[in-house]
Enquirer: 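The structure follows.
Counting begins at 1 with the first residue of the sequence.
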Amino acid sequence: MHAFDILGDPVRRHLLELLADGEKSAGELTDEVRARFGISQPAVSQHLRQLRESGFVTVRPQGTRRLYAVQSESLREVDDWLIPFRRFWEPKFAALGTEIARGKRTRRLEES
(Lines give C-alpha, C1' and ligand atoms only; values in the text may rest on other atoms or scores of the structure.)
Protein backbone atom coordinates (compact mmCIF):
# COMPACT_ATOMS: atom_id res chain seq x y z
CA MET A 1 0.00 0.00 0.00
CA HIS A 2 1.35 3.47 -0.88
CA ALA A 3 2.20 5.84 1.95
CA PHE A 4 -0.57 8.26 1.02
CA ASP A 5 -3.12 5.43 1.03
CA ILE A 6 -2.13 4.82 4.64
CA LEU A 7 -2.09 8.51 5.58
CA GLY A 8 -5.32 9.21 3.74
CA ASP A 9 -7.33 7.63 6.54
CA PRO A 10 -8.08 9.98 9.48
CA VAL A 11 -7.92 7.18 12.06
CA ARG A 12 -4.45 6.09 10.95
CA ARG A 13 -3.26 9.71 10.82
CA HIS A 14 -4.53 10.21 14.37
CA LEU A 15 -2.75 7.06 15.54
CA LEU A 16 0.51 8.42 14.09
CA GLU A 17 -0.11 11.79 15.75
CA LEU A 18 -0.57 10.04 19.10
CA LEU A 19 2.65 8.11 18.59
CA ALA A 20 4.62 11.22 17.59
CA ASP A 21 5.08 11.95 21.30
CA GLY A 22 6.55 8.51 21.92
CA GLU A 23 5.73 4.88 22.46
CA LYS A 24 2.18 3.98 23.59
CA SER A 25 0.43 0.75 24.41
CA ALA A 26 -2.26 -0.71 22.18
CA GLY A 27 -4.74 -0.12 25.00
CA GLU A 28 -3.89 3.58 25.27
CA LEU A 29 -4.18 4.02 21.52
CA THR A 30 -7.46 2.13 21.40
CA ASP A 31 -8.97 4.22 24.19
CA GLU A 32 -7.97 7.49 22.50
CA VAL A 33 -9.22 6.47 19.05
CA ARG A 34 -12.47 4.97 20.31
CA ALA A 35 -13.23 8.18 22.21
CA ARG A 36 -12.56 10.37 19.19
CA PHE A 37 -13.96 8.26 16.35
CA GLY A 38 -16.41 5.93 18.10
CA ILE A 39 -15.08 2.79 16.43
CA SER A 40 -14.69 -0.66 17.94
CA GLN A 41 -11.54 -2.16 19.42
CA PRO A 42 -11.23 -4.65 16.52
CA ALA A 43 -11.43 -1.74 14.06
CA VAL A 44 -8.61 0.08 15.89
CA SER A 45 -6.58 -3.15 15.86
CA GLN A 46 -7.09 -3.39 12.10
CA HIS A 47 -5.75 0.15 11.62
CA LEU A 48 -2.74 -0.64 13.83
CA ARG A 49 -2.11 -3.79 11.79
CA GLN A 50 -2.17 -1.77 8.54
CA LEU A 51 0.27 0.75 10.02
CA ARG A 52 2.53 -2.08 11.17
CA GLU A 53 2.40 -3.99 7.87
CA SER A 54 3.10 -0.82 5.86
CA GLY A 55 6.13 -0.03 8.02
CA PHE A 56 4.79 3.14 9.67
CA VAL A 57 4.92 1.71 13.18
CA THR A 58 6.79 -0.94 15.08
CA VAL A 59 5.41 -3.04 17.89
CA ARG A 60 7.23 -4.71 20.73
CA PRO A 61 5.82 -6.95 23.42
CA GLN A 62 6.20 -5.97 27.07
CA GLY A 63 4.60 -8.65 29.18
CA THR A 64 0.97 -8.81 28.12
CA ARG A 65 1.08 -5.36 26.52
CA ARG A 66 2.01 -4.38 22.98
CA LEU A 67 3.89 -1.10 22.67
CA TYR A 68 3.72 0.82 19.41
CA ALA A 69 6.17 3.43 18.12
CA VAL A 70 6.58 5.43 14.91
CA GLN A 71 8.96 3.97 12.34
CA SER A 72 10.55 7.05 10.79
CA GLU A 73 11.79 5.45 7.57
CA SER A 74 8.29 5.24 6.10
CA LEU A 75 7.71 8.91 6.86
CA ARG A 76 10.85 9.77 4.90
CA GLU A 77 9.10 8.51 1.76
CA VAL A 78 6.37 11.09 2.36
CA ASP A 79 8.93 13.78 3.17
CA ASP A 80 10.86 13.02 -0.02
CA TRP A 81 7.67 13.26 -2.06
CA LEU A 82 6.96 16.70 -0.57
CA ILE A 83 10.35 18.19 -1.53
CA PRO A 84 9.16 19.78 -4.82
CA PHE A 85 6.22 21.40 -3.02
CA ARG A 86 8.17 23.01 -0.18
CA ARG A 87 8.74 26.09 -2.32
CA PHE A 88 5.07 26.98 -1.74
CA TRP A 89 5.32 27.30 2.05
CA GLU A 90 8.99 27.78 2.96
CA PRO A 91 9.12 31.51 2.03
CA LYS A 92 6.03 32.08 4.19
CA PHE A 93 7.65 30.34 7.15
CA ALA A 94 10.82 32.38 6.62
CA ALA A 95 8.76 35.59 6.58
CA LEU A 96 6.96 34.49 9.74
CA GLY A 97 10.31 33.85 11.43
CA THR A 98 11.47 37.33 10.46
CA GLU A 99 8.30 38.92 11.89
CA ILE A 100 8.61 36.96 15.14
CA ALA A 101 12.23 38.05 15.54
CA ARG A 102 11.27 41.65 14.77
CA GLY A 103 8.50 41.53 17.39
CA LYS A 104 10.86 40.09 20.03
CA ARG A 105 13.43 42.77 19.27
CA THR A 106 10.79 45.52 19.54
CA ARG A 107 9.56 44.18 22.91
CA ARG A 108 13.12 44.05 24.26
CA LEU A 109 13.73 47.63 23.21
CA GLU A 110 10.46 48.78 24.77
CA GLU A 111 11.30 46.99 28.04
CA SER A 112 14.75 48.64 28.22
Side-chain angles (χ1 to χ4, degrees):
M1 195 176 274
H2 189 274
F4 287 103
D5 293 327
I6 296 296
L7 297 176
D9 184 87
V11 172
R12 290 190 290 265
R13 279 196 315 270
H14 186 62
L15 285 164
L16 287 171
E17 290 166 3
L18 293 171
L19 291 169
D21 292 331
E23 197 173 59
K24 293 197 182 326
S25 72
E28 290 175 286
L29 294 168
T30 298
D31 291 344
E32 291 268 348
V33 170
R34 289 182 73 191
R36 181 166 179 182
F37 293 95
I39 63 176
S40 67
Q41 181 275 326
V44 176
S45 294
Q46 182 78 309
H47 285 291
L48 286 169
R49 183 176 67 82
Q50 288 175 327
L51 286 170
R52 190 176 61 251
E53 288 177 354
S54 64
F56 277 89
V57 300
T58 60
V59 63
R60 71 177 179 89
Q62 184 183 57
T64 59
R65 297 172 7 144
R66 298 284 178 253
L67 299 174
Y68 285 83
V70 171
Q71 181 73 18
S72 63
E73 287 79 26
S74 293
L75 292 173
R76 278 194 205 112
E77 178 185 342
V78 175
D79 189 49
D80 289 345
W81 187 87
L82 288 170
I83 288 171
F85 302 98
R86 286 200 175 102
R87 63 187 170 93
F88 295 113
W89 63 79
E90 283 183 344
K92 293 175 182 160
F93 283 136
L96 177 61
T98 300
E99 289 303 316
I100 290 171
R102 184 176 293 144
K104 286 180 182 178
R105 190 171 40 253
T106 301
R107 279 192 300 274
R108 268 195 311 263
L109 292 173
E110 289 172 355
E111 291 173 358
S112 300

Enquirer: Which atom pair, heavy atoms only, marks the closest approach of R13 to G8?
Expert: NH1-O, 3.2 Å
Enquirer: For R36, is there an ion pair with E32 - N to carboxylate O distance below 4.0 angstrom?
Expert: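 Between R36 and E32 there is no salt bridge, as every charged N stays at least 4.0 Å from the carboxylate O atoms.
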Enquirer: First locate atom CD of E111, then atom CZ of R107, and finally report the distance between them rounded to the nearest 0.5 Å.
Expert: 8.0 Å
Enquirer: For the hydrophobic clusters of this structure (ILVMFWY residues joined by side-chain heavy atoms under 4.5 Å, transitively), does one cluster hold both F93 and F88?
Expert: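 Both belong to a single hydrophobic cluster.
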Enquirer: Given side chains that start at C-beta, do those of V44 and V11 come closer than 4.5 Å, heavy atoms only?
Expert: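 In short, these two side chains do not touch, never coming nearer than 4.5 Å.
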Enquirer: Would you give the length of the straight line joining atom OG1 of T30 to atom CZ of R66, rounded to the nearest 0.5 angstrom?
Expert: 13.0 Å
Enquirer: List for me each residue that meets salt bridge (charged side-chain N to carboxylate O under 4.0 Å, His left out) alongside E23, sequence neighbours excluded, and say none if there are none.
Expert: R60
Enquirer: Check whether S74 reaches the backbone of G55 with its side chain - one donor and one acceptor, N or O, closer than 3.5 Å.
Expert: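 Answer holds: yes.
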Enquirer: What are the two closest heavy atoms between Q50 and I6, and how far apart are they?
Expert: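 Residues Q50 and I6, closest heavy atoms: O-CD1, 4.1 Å.
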Enquirer: Please round to the nearest 0.5 Å and tell me the distance separating atom CZ of R12 and atom CD of Q46.
Expert: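 So the gap between those two atoms works out to 9.0 Å.
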Enquirer: Side chains of I100 and K104: closer than 4.5 Å at any heavy-atom pair?
Expert: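 I100 reaches K104 side chain to side chain.
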Enquirer: Do NZ/NE/NH1/NH2 and the carboxylate oxygens of E99 and R102 come within less than 4.0 Å?
Expert: yes
Enquirer: For the atom pair OG1 (T58) and CG (L51), what is the distance rounded to the nearest 0.5 Å?
Expert: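 With rounding to 0.5 Å, OG1 (T58) is 11.0 Å from CG (L51).
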Enquirer: Write out all pairs satisfying ring-ring contact (aromatic ring centres under 6.0 Å, His included) with one or both partners inside residues 45-86, taking only residues at least two apart or from two chains.
Expert: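 Only F4-W81, W81-F85 qualify under ring-ring contact (aromatic ring centres under 6.0 Å, His included).
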Enquirer: With clusters defined by side-chain heavy atoms of hydrophobic residues (ILVMFWY) lying less than 4.5 Å apart, directly or transitively, does L29 cluster with L7?
Expert: yes
Enquirer: Going only through I, L, V, M, F, W and Y residues with side-chain contacts under 4.5 Å, is there a path from L15 to L67?
Expert: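 They do not share one cluster, since no chain of ILVMFWY contacts under 4.5 Å joins L15 to L67.
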Enquirer: Quick one: pull up CG in L19 and CG in L48 and give me the separation to the nearest 0.5 Å.
Expert: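 One gets 7.5 Å once the value is rounded to the nearest 0.5 Å.
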Enquirer: With sequence neighbours left out, write down each residue that passes salt bridge (charged side-chain N to carboxylate O under 4.0 Å, His left out) with R87, or none if nothing qualifies.
Expert: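 Once residues adjacent in sequence are excluded, R87 has no partner under the salt bridge (charged side-chain N to carboxylate O under 4.0 Å, His left out) criterion.
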Enquirer: Report the C-alpha distance between T106 and E110 in whole Å, list the side-chain angles of each, state the deciding distance to 0.1 Å, and finish with yes or no for side-chain hydrogen bond (donor to acceptor under 3.5 Å, both in side chains).
Expert: CA-CA 6 Å; T106 301; E110 289 172 355; 5.9 Å; no
Enquirer: Might you point out which heavy atoms bring V70 and A20 nearest each other, and give the distance in Å?
Expert: CG2-N, 4.1 Å
